[in-house]
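Chain naming here is simple, since letters A, B, ... match the order of the sequence lines and numbering starts at 1 in each.
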Number of protein chains: 2
Amino acid sequence: MVNKGNIRLIDIAGKLNITVNTASKALRGKPGVSDETRKAVKKLAEELGYVPNSLAKGLQSGQTFTVAIIFDVLINPYFMIMADKIHQKLKTLGYDTMIFAGEDGKLEINTLKTLLSRRVDGIITFLEPSDDVNSILYNTRIPTVLIGRKNINLNISTISTDDYKGSYEVGKLFITNGAKNIGYIGIPEDIECSKRRLSGLMQSMIDHGVAYNDANFRFMKTPQIADELNELIKNKVDAIFIFNDMLLLEAYIILKDQGIKVPDDIMLAGFDNIQEELPNPLKITTVASDKTKIIETAVNLLFNHINNKEVYEYQHVEFDVELIVGETTKSLISS
Amino acid sequence: MVNKGNIRLIDIAGKLNITVNTASKALRGKPGVSDETRKAVKKLAEELGYVPNSLAKGLQSGQTFTVAIIFDVLINPYFMIMADKIHQKLKTLGYDTMIFAGEDGKLEINTLKTLLSRRVDGIITFLEPSDDVNSILYNTRIPTVLIGRKNINLNISTISTDDYKGSYEVGKLFITNGAKNIGYIGIPEDIECSKRRLSGLMQSMIDHGVAYNDANFRFMKTPQIADELNELIKNKVDAIFIFNDMLLLEAYIILKDQGIKVPDDIMLAGFDNIQEELPNPLKITTVASDKTKIIETAVNLLFNHINNKEVYEYQHVEFDVELIVGETTKSLISS
DNA sequence: TTGTAGGCGTTATCAT
DNA sequence: ATGATAACGCCTACAA
């Protein structure tokens, strides 16, 4: 089947005895078309339900008005919130959104090839690019912004939060509220910010004179938090800083099932403040940042790159954080 | 700028002194190319990082290997869960995913035009199409599946859950546990399944000899549940069936803030069982269905349509539901 | 086995 | 103001 019932410019032109060229210009408000012709074209296009073929347009112009978002799993309130904000913002700019899951927590070559093949105009990724991808991104100058995972070794723009400060504050809060044996559960160690959050926590413990036990600082090897959590329970920690709020919720449920009380037996703190956008019956103690502003900045940065492809100067923007005290940590003890 | 640094078939062909045709066939494993040539082409393509231009491919073939998902807001665990499952499934089939937000809770003409323009191969929508869109979908035979919102007046395939039965069961549970004054909060009334869920609840009350008060059956006019909820609180209901789990969580928080105890003062039940995929500290009483199977069926149905465009026979599939009893309803009273 | 020609739908350029 | 032509990159059909 040749023309699957889609109306083309040539169909309009044919019925009006003009050329596609004229029809094209008429519809796009370009000069050089008489008012009369323009009206006739627009009217007929409307009647026939003409919709321009964006593939042809994209092939011709090299622009697809498409941005790709890369994450690992969408079933993570944080990604979902951010994806929604990005999608909304892009829509106002006339861009559509594709979603892709990376592999092994990275934006790797397979995914990138799809993006290249589809000629997306830009990439917003929540996953660090693998090394080979990083160099391709750099060489091809395809506009890319990495959100949430600062890594100054990468040749791309990044928007991150002040992991170090946030983690430091969490440590301080734990200690102020009586914690003596603090644990940490992060995502795999090769993710820069997972390490950074630990280092903030450790410095906080050092500065506040609380001894730390390396065995209580753990990086997940699987997507499940249970193993690492059980290890910490065995070690009788009284507070755990968890990489993000979703993992915290998983931990909370496991603790609840074991009859361990939060925050009385164990205090918990997370990262992301997902409860800001998502109803959550448990008020989490967490590190927050201005997600809307982050997305705003990320998209602006992306479009800077898109509109100035010759000057590929990547930037690293870091956002301030704020500690939100919820029900998963004790209130100040005045004993 | 003409060729933005992207390698094309002609680049490969040129360096090898063959034609694009041969290069094309070589890369796609088509017969009629000598082993020697094929190897050389593949090697060079690999070295040069050749990636086919999917726009050109799509323009030529009329296939884009793209499916669009339509929802209203992504910040809804249910959509997120479903979107993730769809995306995963599509990926295994070699298709990529675009996401679109409808307007006013419908898949309306603006969004549809974008989909037509992009020549997506199929549409999976969580929103009912508006009337004009429905007829276009029917006329153009663009493969579409509507999930979660059965409406037999639509000319498209739908996958839904047994709203009536689920709601009936909820009513029964409420009543068994002592509810005398039951309320309902649904999304706007023009959404079929919002009405259907109410009717199941009402029938249940009738069958079990519990009087109902129309003033306690409410449909939201804004995205916020607070107004309707406060009305029910005023009316001193002792149980509320809420359209879905996310709204239930919002309601729970509002009740908690007002010092109203769940389930002691008011029982709550929702729909979707989002806690199956998402960690949730509060175990919700909710109506569940097999989401993975639903998505599996939806995607299969979609590809039936895609692969048999001549026979456009839409189907309505309804999935069974199961009542999950959580902490938001009382346990059986034996008084 | 390899090459040539035409077309997918649109836009830009250069005529007329 | 309008038309003709070429190009975007690829694939199919047919020819050599």
Side-chain angles (χ1 to χ4, degrees), chain A residues 1-42 44-45 48-66 113 116-121, chain B residues 1-42 45 48-66 113-114 116-121:
Chain A
M1 189 184 302
V2 172
N3 171 7
K4 306 176 311 172
N6 290 312
I7 309 297
R8 301 155 301 169
L9 277 181
I10 198 175
D11 298 320
I12 302 185
K15 301 212 181 198
L16 258 34
N17 272 322
I18 56 175
T19 60
V20 281
N21 190 341
T22 308
S24 171
K25 284 199 287 191
L27 286 174
R28 287 177 302 134
K30 293 266 173 180
V33 182
S34 72
D35 272 7
E36 194 184 11
T37 308
R38 195 184 298 276
K39 261 184 205 159
V41 171
K42 284 195 171 174
L44 189 57
L48 266 39
Y50 170 74
V51 179
N53 183 327
S54 62
L55 299 173
K57 231 166 162 162
L59 180 60
Q60 206 282 141
S61 70
Q63 255 196 302
T64 55
F65 295 96
T66 309
K113 279 192 177 165
L116 293 172
S117 166
R118 290 187 173 271
R119 300 293 192 267
V120 300
D121 293 329
Chain B
M1 187 185 302
V2 172
N3 172 3
K4 308 175 311 172
N6 289 314
I7 309 298
R8 302 155 299 169
L9 277 181
I10 198 175
D11 298 319
I12 302 184
K15 301 211 183 200
L16 257 34
N17 271 322
I18 56 176
T19 61
V20 280
N21 187 348
T22 308
S24 172
K25 287 200 283 190
L27 286 174
R28 288 177 301 133
K30 293 265 172 181
V33 182
S34 72
D35 272 10
E36 194 185 12
T37 308
R38 194 184 298 276
K39 261 184 204 161
V41 171
K42 284 193 170 174
L48 264 39
Y50 169 73
V51 178
N53 183 327
S54 61
L55 299 173
K57 236 168 160 159
L59 182 59
Q60 202 280 141
S61 68
Q63 255 197 302
T64 55
F65 294 96
T66 309
K113 280 193 176 164
T114 307
L116 292 173
S117 166
R118 290 188 173 271
R119 301 293 192 266
V120 300
D121 294 329

Could you tell me the separation between the CG atom of Leu116(A) and the P atom of dC10(D), rounded to a whole number of Å? 13 Å

Grab the CG-C1' distance between Asn53(B) and dG9(D) for me, whole Å please. 6 Å

Consider the side chain of Val20(A), meaning its heavy atoms from C-beta on, and name the nucleotide among dT11(C), dT1(C), dG3(C) that approaches it most closely. dT11(C)

Does Thr37(B) place a side-chain N or O at less than 4.0 Å from the phosphate oxygens OP1/OP2 of dT1(C)? no

So, do Tyr50(A) and Leu44(A) sit near enough that their side-chain heavy atoms are less than 4.5 Å apart? no

Please confirm whether the shortest side-chain N or O distance from Tyr50(B) to OP1 or OP2 of dG9(D) is below 4.0 Å. no

Just to be sure I understand the rule, does Thr19(B) reach a base, reach only the sugar-phosphate, or reach nothing, if contact means heavy atoms closer than 4.0 Å? base

Could you state the atom-to-atom distance from CZ of Arg8(B) to P of dC11(D) in whole Å? 14 Å

Over how many whole Å does the gap from Leu16(B) atom CG to dG3(C) atom C1' extend? 15 Å

Using whole Å, report how far CD of Gln63(B) lies from P of dG9(C). 15 Å

Give the minimum heavy-atom separation between Arg8(B) and Asp11(B), together with the two atoms involved. N-OD2, 2.7 Å

Is there a side-chain contact (heavy atoms from CB on, under 4.5 Å) between Val41(A) and Ile12(A)? Walk through the geometry before answering. CA-CA 7 Å; Val41(A) 171; Ile12(A) 302 185; 4.2 Å; yes

Can you measure Asn6(B) atom CG to dC10(D) atom P for me and round it to whole angstrom units? 9 Å

Rounded to whole Å, how long is the line connecting atom CD of Gln60(A) with atom C1' of dT11(C)? 4 Å

Measure from the side chain of Thr22(B), starting at C-beta and using heavy atoms only, and say which of dT10(C), dC11(D), dT2(C) lies closest. dT2(C)

Out of curiosity, Leu9(B) CG to Thr19(B) OG1, how far, rounded to the nearest 0.5 Å? 10.0 Å

For DNA chain D, what residues of residues 23-33 of chain B have any heavy atom nearer than 4.0 Å? Ser24(B), Arg28(B)

Taken to the nearest 0.5 Å, the spacing of Thr22(A) OG1 from Leu16(A) CG works out to 10.0 Å

Measuring only between side-chain heavy atoms, which start at C-beta, is Asn53(A) closer than 4.5 Å to Asn6(A)? no

Atom-pair distance (CG on Asn17(B); C1' on dT1(C)), nearest Å: 16 Å

Nearest of dC8(D), dT10(C), dC10(D) to any side-chain atom of Ala56(B)? dC10(D)

If the cut-off is 4.0 Å, is Ser61(B) near the phosphate of dC8(C), judged by side-chain N/O to OP1 or OP2? no

Starting from the C-alpha separation in whole Å, work towards a yes-or-no answer on side-chain hydrogen bond (donor to acceptor under 3.5 Å, both in side chains) for Ser117(B) and Thr114(B). CA-CA 5 Å; Ser117(B) 166; Thr114(B) 307; over 6 Å; no

Return the 5'-most residue of the pair Ile10(A), Asp35(B) with respect to DNA chain C, ranking by each residue's nearest nucleotide. Asp35(B)

Sugar-phosphate, base or nothing in reach of Leu55(A), heavy atoms under 4.0 Å: nothing

